[in-house]
Amino acid sequence: MTYFPEEVVEHIFDFLATHRDRNTVSTVCKTWYRVERLSRRSVFVGNCYAVHPERVVARFPGLRSLTVKGKPHFADFNLIPHDWGGFSLPWIETAARGCPGLEELRLKRMVVSDESLELLARSFPNFKVLVLISCEGFSTDGLAAIATYCRVLRELDLQENEVEDRGPQWLSCFPDSCTSLVSLNFACLKGEVNAGSLERLVARCPNLRTLRLSRAVSIDTLSKILARAPHLVDLGTGSFTIDHRAEAYHKVMNNFIKCKSLRSLSGFWDAAPRCLPAVYPICGNLTGLNLSYAPAIQCADLIKLIHRCSKLQRLWILDCIGDKGLAVVANTCKELQELRVFPSDFYGGGIAAVTEEGLVAVSSGCPKLSSLLYFCNQMTNAALITVAKNCPHFTRFRLCILDPKKPDPVTNQPLDEGFGAIVQSCKDLRRLSLSGLLTDRVFLYIGMYAERLEMLSIAFAGDSDKGMVYVLNGCKNLRKLEIRDSPFGDAALLEDVGKYETMRSLWMSSCDVTLGGCKTLAAKMPGLNVEVINERDESDEMEESPSDLGRVEKMYVYRTVAGPRNDAPDFVWTL
Amino acid sequence: MEVSVSDFDNLKATELRLGLPGIDAPEKPAPVSPRGSKRALLKANEECWPGTSKSLEADTSNQEAQPMAKAQVIGWPPIRSYRKNSFKARKAEVEAAGLFVKVSMDGAPYLRKIDLKVYKGYKELREALDNMFRCFSTGMEGCNGSEYAITYEDKDGDWMLVGDVPWEMFISSCKRLRIMRRSEATGMPSSP
């Protein structure tokens with residue numbers, strides 16, 4: 001390797017787009033390691049307990065953008081107890097000491113307190129971007145601190161967080177001098193909003209392109225905002241409900257017409273069907289549409305709307321669209337890449353809103369489909385095989401049949417062949433979620449064909465340890481494996497313990513793994529944290545020492561260079 | 001002493017319970033408790049899947065309970081709590097809000113307002129209106145008799161006669177009520 005001055009090496013590294021590539025070049029030699037770490041501006045930490053914040057900050061002193069993820073994915077479904085961990089404060093404190101030049105912070109599934117938001121706001125004079133996804137632990141007071149002290153804030157993006165409402169004042173905390181906002185998303189807030197403050201804020205931020213309003217924002221306010229910000233690209237509409245006043249309706253429609261740049265719509269929290277035509281004028285330009293929080297809009301009105309959205313690339317919808325509605329999507333939205341169909345009746349047993357027919361229709365009409373999340377009442381092997389043939393480009397395929405362990409209703413067979421067809425056909429598949437009745441066979445297929453698979457979610461599936469072993473042996477690129485209510489035990493867990501160091505994490509709950517098995521794993525692999533989560537019933541007496549033969553209810557295993565964590569609550573044992 | 005089926009029916013008839021007589025409230029199936037294990041935290045309104053994914057509960061009480069308990073396995077379906085909570089909140093709002101509609105009566109000097117959610121059916125509604133407007137009736141038979149007809153304005157703005165559609169459908173489409181003199185309603189003079 002000929003001599004290159006470090007400036008040149010650094011310049012070459014600038015062209016490396018992904019974290020993975022930069023991580024790789026840093027391992028080539030000491031020089032490259034040094035050049036890389038000093039020039040690194042953006043770091044992604046997939047598991048906040050895999051590494052100490054101090055180590056990250058020490059290694060990358062020039063850090064400008066930090067992304068950290070906390071709780072495992074199943075926390076979204078209440079499977080992880082509330083105070084398990086994932087605290088953001090240590091990260092913010094350490095960054096405040098070690099890289100005051102931090103400009104961007106993105107946190108997902110973490111506990112964020114008002115204290116940490118205040119520290120964040122005061123510690124980084126150049127702070128520009130804050131993105132919080134599925135976080136909790138803070139209130140609007142914390143947002144007030146961000147608004148007050150982040151003088152050059154460009155992006156405040158709050159996605160699906162649980163935020164305690166302490167009043168609408170936070171929005172008024174943006175000083176008059178704040179004109180830099182490009183993106184503001186407070187759709188998840190539940191409390192009142194000061195309409196006047198909001199309108200003035202929008203009026204003085206000429207670069208605002210994304211604005212997602214919460215439910216408390218009325219359509220009158222929306223109307224005024226649209227008039228002030230016709231250059232919006234991404235809009236979350238707020239409540240979007242009009243009561244019988246024709247002039248309010250026409251005003252909002254006229255203001256929509258002026259928004260020539262609008263490409264993405266969401267919100268519609270309380271939208272009634274009669275309000276929808278107000279957005280018809282801009283439907284032809286839409287590439288993204290999220291109606292999944294609008295249960296009042298039924299199939300017929302959804303169809304009328306979607307008919308006009310021929311450029312749609314991303315659609316999030318409720319299952320009241322029905323198979324009939326999905327057929328319209330298939331005929332109209334030829335550019336569709338991502339489809340999510342959510343259930344409006346969570347517990348099934350209701351009217352079958354979408355079935356395999358809808359999915360087959362979309363697959364045949366939308367050849368560019370690459371990302372799917374589909375909640376349905378039933379699925380057949382034949383349908384999955386057809387979908388696999390029609391859409392070989394899936395990168396994300398998540399199917400949730402609402403009734404656990406439901407077989408193919410036509411043949412009464414498990415869905416092994418159907419999912420097998422998907423993994424065989426979709427060579428770029430990176431994420432897969434299974435459901436329905438499944439035997440070990442489906443895992444044999446997954447191990448054989450899903451070479452690029454990075455994340456696999458399993459629930460109520462499989463017959464024996466063999467299933468899990470097929471996956472661990474076969475999927476070379478597996479990073480995250482999460483399993484619940486499946487008959488995999490110690491033999492599968494311990495089959496290839498080295499595998500877990502190549503992965504970010506493994507989650508197993510309500511399986512057949514025993515405490516003894518977990519202890520063995522922990523003993524063999526000191527580079528892993530093996531966490532056993534043991535919630536006690538109140539009726540239980542204090543157990544002396546639970547037996548090694550006892551089944552472990554919840555286990556979370558992850559690779560780490562930080563050793564066992566020091567903030568684990570009582571009910572989490574790191575073995 | 002064995003209790004026969006007919007004895008059960010008789011016992012049921014004399015049972016004390018809340019609710020109007022004649023209305024058969026469906027009994028809630030008994031909650032199924034997890035067997036012995038310290039299985040996941042039971043939330044206030046969630047019950048465990050009867051039996052585990054491995055065993056099948058054979059007893060009949062569970063089979064009856066299944067359609068209900070089936071509904072609620074912890075963390076299933078895999079929908080983010082944020083989404084679940086926002087739908088739950090909205091449902092609760094709709095249920096808590098009540099359905100207040102104005103009631104006018106021809107000839108009465110002022111209107112009243114009632115919460116339709118409070119009544120279980122047409123009979124209760126009529127009785128309540130009768131009580132409310134009794135003082136305004138000409139003394140013949142009150143608004144329940146042949147002197148008056150109860151009408152309502154629906155979502156489309158049309159005036160309909162109360163009682164034609166199922167109760168649930170009625171309360172979801174009723175915007176206001178009007179107690180109309182029969183003579184106006186039918187275009188015929190009221191019976192002497």
Side-chain angles (χ1 to χ4, degrees), chain A residues 73-82 134 136 159-162 188 190 215 244 269-270 292-293 295-296 342-349 373 375 398 400-405 433 435 457 459-462 484-487 509-512 534-537 539-540 543 546 550-551 553-554, chain B residues 26 29 33-57 64-95 97 100 153-157 172-173 175-176:
Chain A
H73 174 236
F74 274 176
D76 284 351
F77 318 129
N78 291 336
L79 286 179
I80 278 96
H82 182 64
S134 294
E136 44 157 357
Q159 295 180 31
E160 302 196 338
N161 302 290
E162 292 294 340
C188 63
K190 293 178 273 222
R215 212 171 145 209
H244 312 279
W269 302 103
D270 298 303
S292 66
Y293 285 100
F342 293 96
S344 35
D345 169 20
F346 300 137
Y347 301 111
L373 173 61
F375 285 85
R398 294 193 281 166
C400 179
I401 301 163
L402 290 166
D403 194 354
K405 297 166 70 126
S433 295
S435 59
S457 307
F460 303 102
R484 63 165 292 179
D485 292 275
S486 300
S509 59
S510 303
C511 296
D512 290 342
N534 252 336
E535 301 147 286
R536 295 231 147 86
D537 288 337
S539 53
D540 264 9
E543 280 190 21
R551 265 204 298 202
E553 191 47 46
K554 295 179 184 175
Chain B
S33 56
R35 260 195 311 172
S37 65
K38 281 171 268 154
R39 293 238 150 198
L41 273 171
L42 283 174
K43 299 227 167 135
N45 52 355
E46 288 189 71
E47 299 162 271
C48 271
W49 181 253
T52 64
S53 50
K54 299 148 256 315
S55 64
L56 273 176
E57 296 282 3
E64 277 153 27
Q66 245 173 32
M68 257 292 261
K70 194 181 211 199
Q72 297 175 353
V73 179
I74 297 233
W76 191 267
I79 296 170
R80 272 197 183 162
S81 357
Y82 172 81
R83 180 174 288 277
K84 268 192 180 154
N85 291 341
S86 76
F87 276 71
K88 227 189 281 175
R90 204 165 333 170
K91 209 165 155 236
E93 242 175 63
V94 166
E95 278 165 11
F100 282 93
E153 184 186 4
D154 75 354
K155 277 201 187 123
D156 300 323
S172 68
S173 57
K175 294 215 324 269
R176 55 185 298 167

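Lettering follows sequence order; numbering is per chain, from 1. Computed over heavy atoms, backbone and side chain alike; hydrogens, waters and symmetry mates excluded.
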Report task. Please confirm whether the backbone N or O of B:Gly75 pairs with a side-chain atom of A:Arg484, one donor and one acceptor, at under 3.5 Å? Result -> yes

Requested in this report: Taking the side chain as every heavy atom from C-beta outward, state whether A:Ser292 and B:Arg83 have any pair of such atoms under 4.5 Å apart.
Outcome: yes

Requested in this report: For B:Pro77 and A:Phe375, work out which heavy atoms get closest and say how close.
Outcome: CB-CE2, 4.2 Å

Query raised in the report: About how many Å separate CG of A:Asp76 and NZ of B:Lys84, when rounded to the nearest 0.5 Å?
Result: 11.0 Å

Query - Side chain / backbone / both / neither for A:Glu160 at chain B, heavy atoms under 4.5 Å - result: both

Query - For chain B, the option from A:Ser433, A:Ala459, A:Cys188, A:Gly550 that forms the most heavy-atom pairs under 4.5 Å - result: A:Cys188

Query raised in the report: How many angstroms lie between atom CD1 of B:Ile74 and atom OG of A:Ser509, to the nearest 0.5 angstrom?
Result: 11.0 Å

Report task. Evaluate the ring planes of A:Tyr293 and B:Phe87, with Trp represented by its six-membered ring, and classify them as parallel (under 30°), tilted (30 to 60°) or perpendicular (over 60°). Result -> tilted

**Report entry** A:Leu373, part contacting chain B, at a heavy-atom distance under 4.5 Å
**Finding:** neither

Query - Any side-chain donor near an acceptor of the partner, A:Arg215 and B:Ser86, under 3.5 Å - result: no

Query raised in the report: Roughly how far, to the nearest 0.5 Å, is the CD atom of A:Gln159 from the CZ atom of B:Arg80?
Result: 8.0 Å

Requested in this report: Name all residues meeting the side-chain hydrogen bond (donor to acceptor under 3.5 Å, both in side chains) criterion together with A:Ser435; count only those two or more places apart in sequence or in a different chain, and write none if there are none.
Outcome: none

Query raised in the report: Between OG of A:Ser134 and OH of B:Tyr82, what distance do you get to the nearest 0.5 Å?
Result: 9.5 Å

Query raised in the report: Between A:Ser457 and chain B, which part of the residue has a heavy atom less than 4.5 Å away: side chain, backbone, both or neither?
Result: neither

Query raised in the report: Is there a donor-acceptor pair closer than 3.5 Å between any side-chain N or O of B:Trp76 and the backbone N or O of A:Leu402?
Result: yes

Query raised in the report: Counting only N and O atoms by type, is there a donor-acceptor contact under 3.5 Å from the side chain of B:Ser81 to the main-chain atoms of A:Phe77?
Result: no

